[in-house]
Amino acid sequence: HPNKHDIVIRNNTFTGQEKQMVYGVMIKNITIVGNTLTMKSFTQSDFRAIDLRTKLEGIINITGNNIVLSGTSYANAVYLGPTSAANCPEGTVMNIVNNAISVNSQTTSLSSAVQVRYAREVNLLYNTLLVHSEGSNSAPLAVYYAANMQLTATNNLMQNTGETGLAVY
């Protein structure tokens with residue numbers, strides 16, 4: 001929902017959505033905790049389990065979730081996509097903590113467990129991130145971040161079991 005503040009999404013099960021499971025724009029203070037998000041046969045291009053974008057501010061907590069994605073197109077389990085500094089003001093903190101994420105994509109495109117497009121401060125702590133993509137032209141990434149930011153990564157298990165790709169890019 002646009003222009004929503006202080007959202008809590010807790011202890012839910014999401015299965016079978018076609019494009020996104022949790023989607024939000026113009027968010028201030030959101031907690032997504034203890035959820036199970038599973039999609040075992042996605043075919044939609046650019047599938048995202050948690051997709052928060054445009055403008056994010058305040059405290060963004062993604063904690064203790066279990067995300068399992070498998071399909072024939074490319075996917076991101078957690079996508080945080082503010083588009084510029086103006087859309088991610090000072091004091092915005094993104095906490096991605098204690099999640100178990102597995103992404104298995106049978107494609108030649110980029111897939112990732114966590115993708116951050118723009119951020120001020122990201123704390124990536126105590127996560128298990130597994131990505132696998134088939135084909136020598138694929139480039140799966142456990143963590144992909146596209147802009148300068150303060151990133152703290154502590155005690156994460158990041159594994160890429162595809163033919164190519166990286167743990168962090």
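Here, residue 1 is the first one in the sequence, and each next residue gets the next number.
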Listed partners of [X] passing side chain to side chain contact (heavy atoms under 4.5 Å, CB included), at least two apart:
X: A113; result: I101, L129, V131
X: Q115; result: N76, Y79, L110, S112, R117, Y144
X: L157; result: T128
X: S102; result: L130

Might you point out which heavy atoms bring [X] and [Y] nearest each other, and give the distance in Å?
X: G16; Y: M39; result: CA-SD, 3.5 Å
X: T92; Y: R120; result: O-CB, 3.7 Å
X: A75; Y: L69; result: CB-CD1, 4.2 Å

Those residues at least two apart in sequence (or on a different chain) that pass ring pair (Phe, Tyr, Trp, His ring centres under 6.0 Å) with F14 are none
Pick one: which of N123, I32, L80 meets side-chain contact (heavy atoms from CB on, under 4.5 Å) with I96?
-> L80
In T154, I62, L125, the residue satisfying side-chain contact (heavy atoms from CB on, under 4.5 Å) with V97 is L125
Is there side-chain contact between [X] and [Y], with at least one heavy-atom pair below 4.5 Å?
X: I9; Y: T31; answer: no
X: I50; Y: I67; answer: yes
X: R53; Y: Y118; answer: no

What distance separates [X] [atom1] from [Y] [atom2], expressed to the nearest 0.5 Å?
X: D51; Y: M21; atom1: CG; atom2: CE; result: 12.0 Å
X: N127; Y: N156; atom1: CG; atom2: CG; result: 5.0 Å
X: Q17; Y: T38; atom1: CD; atom2: OG1; result: 10.0 Å
X: E121; Y: Q150; atom1: CD; atom2: CD; result: 4.5 Å

Identify, with sequence neighbours excluded, every residue that meets side-chain hydrogen bond (donor to acceptor under 3.5 Å, both in side chains) alongside N61.
->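 side-chain hydrogen bond (donor to acceptor under 3.5 Å, both in side chains) list for N61, sorted by chain: N95.
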Return yes if some donor-acceptor pair links the side-chain N/O of T36 with the main-chain N/O of T13 below 3.5 Å, else return no.
->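 Checked: no pair found.
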